[in-house]
J.: 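The structure is given below, and queries will be raised subsequently.
Atom set for the values below is all heavy atoms of this structure, side chains included, hydrogens, waters and symmetry mates excluded. Residue numbering restarts at 1 for every chain, and letters A, B, ... go by the order of the sequence lines.
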Amino acid sequence: MDKIDQGEKVSIFYFKLEEMDLYILISYELDTKKKKVGLNRLFLCAEKELINKYIKRFNLASSLLEVQDFEEQILTNLEQAINDYFSGKNVDLYEKVQELNVEIDLKKMFNSEFSYNVIKALLEIKNGEYTTYSHIGNKINSKAYRAIGNVLKNNPVPLIIPCHRVIRKDGKIGGFMGIEGNGWETDLKKKMLMIEGISPN
DNA sequence: CCCTTTGAAACAG
DNA sequence: CTGTTTCAAAGGG
């Protein structure tokens, strides 16, 4: 685990998944009083080079920093939980993350009423279940299916907030992390659904 | 402000 | 498969 400074408040760290060649980069803020980690963003990519580019693009310093004890513990647990999930253990990452003192500020992440409602409806879909864009629309009383897709596309924390559980009503897999069609992104979405016991076409 | 454009979609044909 | 419908959000006058 390498922690890297991103200025005053925000830190990032990254790791490689054990089960596959994917890298995960997480940005977060510390709450030293509550001894919690506030999750800002989770970024997935298939090549380590992209992580380096990402760091440079956001003008991040590459020097390693002191990591506080509670912080190290939380981040290690988080990394472990994500690896457990991909190794097929039955973990619901959104629920797990709360146990680990990782906070997700939904109102800050989804600051319009519409996007907040979309995410609230999504979070009712538990591990082992799936839903469709139109079903979410029904729940929040909206026919703006494509707008719902936009909210999910802009999910700052994929894997954790389970946008992968939303597929198209016609049975197709739909997009993932902004990407439609073939690519490692949709393969990953399929894989996660299979881990959760769902086999989409 | 108002107008236009743009969507990990859905539907009808 | 191909239009058409749909409406929230973002961007440009």
J.: Tell me the interatomic distance from A/I148, atom CD1, to C/dT5, atom P, rounded to whole angstroms.
T.: 20 Å
J.: For the CE atom on A/M20, are there more than 12 heavy atoms of other groups (residues, nucleotides or ligands in this structure) within a distance under 6.0 Å?
T.: yes
J.: Does a sphere of radius 6.0 Å around NZ in A/K16 hold more than 12 heavy atoms from other residues, nucleotides or ligands, not counting ones at 6.0 Å or beyond?
T.: yes
J.: With rounding to the nearest 0.5 Å, note down the distance linking NZ in A/K35 to CG in A/L30.
T.: 10.0 Å
J.: Stepwise, does the salt bridge (charged side-chain N to carboxylate O under 4.0 Å, His left out) test hold for A/D105 with A/K36?
T.: CA-CA 12 Å; A/D105 190 344; A/K36 288 187 174 186; over 6 Å; no
J.: Heavy atoms under 4.0 Å, any strand shown: does A/S112 hit a base, just sugar-phosphate, or nothing?
T.: sugar-phosphate
J.: Within this structure, what is the CG-to-C1' distance between A/L44 and B/dA8, rounded to whole angstrom?
T.: 15 Å
J.: For the pair made of CD1 in A/I119 and C1' in C/dA8, what is the distance, rounded to whole Å?
T.: 14 Å
J.: Tell me: CH2 of A/W184 to P of B/dA8, nearest whole Å?
T.: 16 Å
J.: Answer whether the closest heavy-atom distance between the side chains of A/I161 and A/F110 falls below 4.5 Å.
T.: yes
J.: When the nearest nucleotide of DNA chain C is assigned to A/E113 and to A/K143 on a heavy-atom basis, which residue is associated with the more 5' position?
T.: A/K143
J.: What is the distance, to the nearest angstrom, from the CG atom on A/N141 to the C1' atom on C/dA8?
T.: 15 Å
J.: Within the structure shown, what part of the strands sits under 4.0 Å from A/S115 by heavy-atom distance: base, sugar-phosphate, or nothing?
T.: sugar-phosphate
J.: Are side-chain N/O atoms of A/E49 and A/Y23 paired as donor and acceptor at under 3.5 Å?
T.: no
J.: Without decimals, in angstroms, what is the distance between A/M192 CE and B/dA8 C1'?
T.: 12 Å
J.: Rounding to a whole Å, what distance do you find between A/I136:CD1 and C/dA8:P?
T.: 16 Å
J.: Using the criterion of both pairing distances under 3.5 Å for Watson-Crick and G-U wobble pairs, give all stems of 3 or more consecutive pairs involving DNA chain B.
T.: B:1-7 with C:7-13, B:9-13 with C:1-5
J.: Is the closest side-chain heavy-atom distance between A/N155 and A/V157 below 4.5 Å?
T.: yes
J.: Applying a strict under-4.5 Å side-chain criterion to I, L, V, M, F, W and Y, I'd like to know whether A/I179 and A/Y133 cluster together.
T.: no
J.: For A/F114, which contact category applies under a 4.0 Å heavy-atom criterion: base, sugar-phosphate, or nothing?
T.: sugar-phosphate
J.: Hey, are A/Y28 and A/E71 close enough side-chain-wise for a donor-acceptor pair under 3.5 Å?
T.: yes
J.: Where do A/R165 and A/E129 land on the salt bridge (charged side-chain N to carboxylate O under 4.0 Å, His left out) test, with the steps shown first?
T.: CA-CA 7 Å; A/R165 291 178 192 151; A/E129 303 171 344; over 6 Å; no
J.: Does any N or O in the side chain of A/T132 come within less than 3.5 Å of the main-chain N or O of A/R168, such that one atom is a donor and the other an acceptor?
T.: no
J.: Which atoms of nucleotides 9-13 of chain B (N or O only) lie under 3.5 Å from a protein N or O atom, and what are those distances?
T.:
| from | atom 1 | to | atom 2 | distance (Å) |
| --- | --- | --- | --- | --- |
| B/dA9 | N7 | A/R146 | NE | 3.2 |
| B/dA9 | N6 | A/R146 | NH1 | 2.6 |
| B/dA10 | OP1 | A/S134 | N | 3.3 |
| B/dA10 | OP1 | A/K169 | N | 3.3 |
| B/dA10 | OP2 | A/K169 | N | 3.1 |
| B/dC11 | OP1 | A/K169 | NZ | 3.0 |

J.: Provide a list of protein-nucleic acid N or O atom pairs under 3.5 angstrom, restricted to nucleotides 1-6 of chain B.
T.:
none

